Amino acid sequence: GAGVSQSPSNKVTEKGKDVELRCDPISGHTALYWYRQSLGQGLEFLIYFQGNSAPDKSGLPSDRFSAERTGGSVSTLTIQRTQQEDSAVYLCASRGAGSFDQPQHFGDGTRLSIL
Amino acid sequence: DQQVKQNSPSLSVQEGRISILNCDYTNSMFDYFLWYKKYPAEGPTFLISISSIKDKNEDGRFTVFLNKSAKHLSLHIVPSQPGDSAVYFCAARASGSARQLTFGSGTQLTVLP
């Protein structure tokens, strides 16, 4: 499809396990963002990639969280030693190049549940 | 500290009437504002945006108004339709930044047939 694709759509895992979430941005989009949405809350920024520049990691809540973007396209968000408070919907968005006044387009998210 | 606030968690409106969703912000560096609509189990979908150099932007049934002096924006939907029932998020971005959006906590709109 032409939109942002995320996998898996749902992930249930035990506390202490590592998880890896994947995002395929819209083709040609240079900017990629990860957010998370906890129950009843707005979206919380995690990390931002722009082209080959160093990522902006200022939103990552702890050093258990990391993300990569390979080849300027696909991104993976990794959470190590998961905790129950990591349960949330993790959303990826991408934005095209050019003017900053372009909206971010979101995938449908990965719903992560930590038991 | 919430920089973008949506103080109404829910709103119910009759079909055909106007829906008005409100959003307040505190950061004077915000210069670009967006509204997203979200259905359950789906990602947010971009609806409409406005730059701080404007005070109104219209797209079909949707109009966004910006009052910079009051640090307030609103989304008007007219006429409202049952398919508009969703959670609406207000988001803002700081000037000169290509970085993250700051989101409000959302308003659940229910349009009653």
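Quick note on labels: first sequence line is chain A, next is B, and so on, each numbered from 1. Quick caveat, the model's predicted, so the values are computed rather than measured.
Side-chain contact between B/L101 and A/Y33 is absent, with no heavy atoms from C-beta onward closer than 4.5 Å. The shortest side-chain heavy-atom distance between A/P103 and B/Y32 falls under the 4.5 Å cut-off. Within the 4.5 Å cutoff, the side chain of B/F46 has no heavy atoms near those of the A/F106 side chain.
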Checklist entry - Going through the checks in order, is the side chain to side chain contact (heavy atoms under 4.5 Å, CB included) test met by B/F89 and A/L43? => result CA-CA 9 Å; B/F89 289 98; A/L43 280 70; 4.3 Å; yes
Checklist entry - Step by step, would you call A/Q104 with B/R93 a side chain to side chain contact (heavy atoms under 4.5 Å, CB included)? => result CA-CA 11 Å; A/Q104 297 175 22; B/R93 193 205 66 209; over 6 Å; no
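A continuous path of hydrophobic side-chain contacts links A/F49 to A/L21 [ILVMFWY only; heavy atoms under 4.5 Å]. When the side chains of ILVMFWY residues are joined at heavy-atom separations under 4.5 Å, either directly or via intervening members, A/Y90 and A/F45 end up in two distinct hydrophobic clusters. A/L77 and A/Y35 are not part of a single hydrophobic cluster, where members link through side-chain heavy atoms under 4.5 Å apart. In terms of hydrophobic clustering, with Ile, Leu, Val, Met, Phe, Trp and Tyr side chains grouped at heavy-atom distances under 4.5 Å, A/I79 and A/V89 are assigned to different clusters. In this structure, B/Y88 is not a member of the same hydrophobic cluster as B/I20, with clusters built from ILVMFWY side-chain heavy atoms closer than 4.5 Å.
Residues of residues 77-85 of chain B lying under 4.5 angstrom from chain A, judged on non-hydrogen atoms, do not exist here. Proximity to chain A at a heavy-atom threshold of 4.5 Å picks out B/F103, B/G104, B/S105 from residues 103-113 of chain B, in numerical order.
Contact between B/P44 and A/L91 at its shortest, heavy atoms only, is CD-CD2, 4.0 Å. Between B/Q100 and A/D56, the closest heavy-atom pair is OE1-OD2, 4.1 Å.
Neither the backbone nor the side chain of B/Y39 comes within contact range of chain A; no heavy atoms are under 4.5 Å apart. For chain B, no part of A/Q6 is nearby; none of its heavy atoms comes within less than 4.5 Å. For a residue to count as touching a neighbouring chain, one of its non-hydrogen atoms must lie under 4.5 Å from one of that chain's; by this rule B/A41 touches chain A with the backbone only.
A 6.0 Å sphere centred on CD of B/E15 holds more than 12 heavy atoms belonging to other residues, nucleotides or ligands. Atom CG of A/L39 sits in a sparse spot, with 12 or fewer heavy atoms from other residues, nucleotides or ligands closer than 6.0 Å. Summarising the local packing, CD of A/E14 is surrounded by 12 or fewer heavy atoms from other residues, nucleotides or ligands at distances under 6.0 Å. Open room surrounds CZ on B/R17; 12 or fewer heavy atoms of other groups in view lie less than 6.0 Å from it.
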